[in-house]
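Starting from 1, each residue takes its place in the sequence as its number.
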Amino acid sequence: MSIHSFVKVSLIAVSLAGLFISQPVNASDGENVYKKYCQACHQPNGKGMQGVFPPLANNSNLKDKPAYIAETIIKGKSGPITVNGTNYNGSMPPMGYLKDADIAALVNYINTELVQGSEETTADAVSSLR
């Protein structure tokens, strides 16, 4: 194979890889991430603990706000918030150590499965928020 052919094949491979990397990550993958990192506080059903850990399920603050969800995961959150009429004043630790793809999958799971939103995000979009 000539160097010219090798370069062409390499460019095509990189371009195709970019297509797959920038696609929305499957929400079902996010359920596994949720179980590992989130459910201890927000509970398996996403309903949280009244007055202690805010619910993610049916949380109108989150619906179709994938960038907000991702930023909260990356940077954490502290201080007073109101969710569905209940006040919370706690602290969620930052989880920026998670991979972009895992955060994207988690965001998609929260938004589409727990709050019945429709917007999804990609690992590239998460990366841009760091």
Side-chain angles (χ1 to χ4, degrees):
M1 176 184 290
S2 72
I3 190 73
H4 184 68
S5 295
F6 179 76
V7 169
K8 279 184 178 179
V9 169
S10 297
L11 288 173
I12 291 169
V14 169
S15 296
L16 288 174
L19 285 175
F20 290 108
I21 291 170
S22 64
Q23 295 298 314
V25 184
N26 193 328
S28 64
D29 296 334
E31 184 176 12
N32 294 327
V33 178
Y34 180 85
K35 287 177 181 178
K36 186 172 182 179
Y37 296 102
C38 308
Q39 79 174 5
C41 295
H42 296 287
Q43 302 303 293
N45 58 11
K47 292 184 180 180
M49 295 178 77
Q50 184 78 17
V52 182
F53 302 113
L56 301 177
N58 302 313
N59 182 333
S60 60
N61 299 339
L62 304 178
K63 188 171 184 176
D64 286 330
K65 297 178 183 169
Y68 173 76
I69 300 168
E71 285 178 342
T72 302
I73 294 166
I74 293 166
K75 299 174 184 174
K77 186 96 172 155
S78 63
I81 60 170
T82 302
V83 178
N84 302 336
T86 301
N87 295 321
Y88 296 87
N89 191 6
S91 181
M92 181 181 131
M95 294 193 274
Y97 56 85
L98 294 175
K99 296 176 185 174
D100 293 341
D102 288 341
I103 293 172
L106 180 55
V107 167
N108 293 340
Y109 173 72
I110 292 168
N111 192 49
T112 62
E113 299 297 321
L114 297 181
V115 297
Q116 288 72 50
S118 60
E119 290 188 33
E120 293 190 332
T121 194
T122 65
D124 287 344
V126 170
S127 179
S128 72
L129 297 171
R130 291 188 185 268

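For the residue pair Leu129 and Ala67, the shortest heavy atom distance occurs at CD1-O, 3.8 Å. Gln116 and Asn58 get closest at one heavy-atom pair: OE1-OD1, 3.2 Å. A pairwise comparison of heavy atoms in Tyr88 and Gly51 identifies CE2-N, 3.2 Å as the closest pair. Counting all heavy atoms, side chain and backbone alike, Ile103 lies closest to Met95 at CD1-O, 4.2 Å. Of all non-hydrogen atoms in Leu106 and Cys38, the two that sit nearest each other are CD2-SG, 3.8 Å. When all heavy atoms of Asn89 and Pro80 are compared, the pair lying nearest together is OD1-N, 3.2 Å.
Connection of Val115 to Val83 is not established within any shared hydrophobic cluster, with ILVMFWY side chains joined at heavy-atom distances below 4.5 Å, either directly or through further cluster members. Note: the hydrophobic cluster containing Val126 also contains Tyr97 (ILVMFWY, side chain heavy atoms under 4.5 Å, direct or indirect links). Hydrophobic clustering (ILVMFWY, side-chain heavy atoms < 4.5 Å, transitive): Met92 and Ile69 are in one cluster.
Side chain of Thr82 to main chain of Gly85: no donor-acceptor pair is present (N/O by atom type, distance under 3.5 Å, no hydrogens or angles). Remark: side-chain polar atoms of Asn111 are not paired, donor with acceptor, to backbone N or O of Val107 under 3.5 angstrom. Of the possible polar contacts, one joining the Asp64 side chain to the Ser118 backbone as a donor-acceptor pair under 3.5 Å is found. Without hydrogens or angle criteria, Gln43 side chain to Ala40 main chain gives a donor-acceptor distance under 3.5 Å. Not one N or O on the side chain of His42 forms a donor-acceptor pair closer than 3.5 Å with the backbone of Phe53. Remark: the backbone N or O of Gly96 is paired with a side-chain donor or acceptor of Arg130 at under 3.5 angstrom. In this structure, the side chain of Ser127 does not engage the main chain of Ala123 through any donor-acceptor pair within 3.5 Å.
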*Does the pair Lys77 and Tyr68 meet the rule for a side chain to side chain contact (heavy atoms under 4.5 Å, CB included), with working shown?*
CA-CA 11 Å; Lys77 186 96 172 155; Tyr68 173 76; 3.3 Å; yes
_side chain to side chain contact (heavy atoms under 4.5 Å, CB included), that's the test. Do Leu114 and Tyr34 meet it? Break it down for me._
CA-CA 11 Å; Leu114 297 181; Tyr34 180 85; 4.1 Å; yes
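Checked by atom type, the side-chain pair Asn59/Asn84 shows no donor-acceptor distance below 3.5 Å. Judged by distance alone, the side chains of Gln50 and Thr86 do bring a donor and an acceptor atom under 3.5 Å apart.
In this structure, CG on Leu62 lies 7.5 Å from OG1 on Thr72, to the nearest 0.5 angstrom. To the nearest 0.5 Å, atom OG1 of residue Thr112 and atom NZ of residue Lys63 are 11.5 Å apart.
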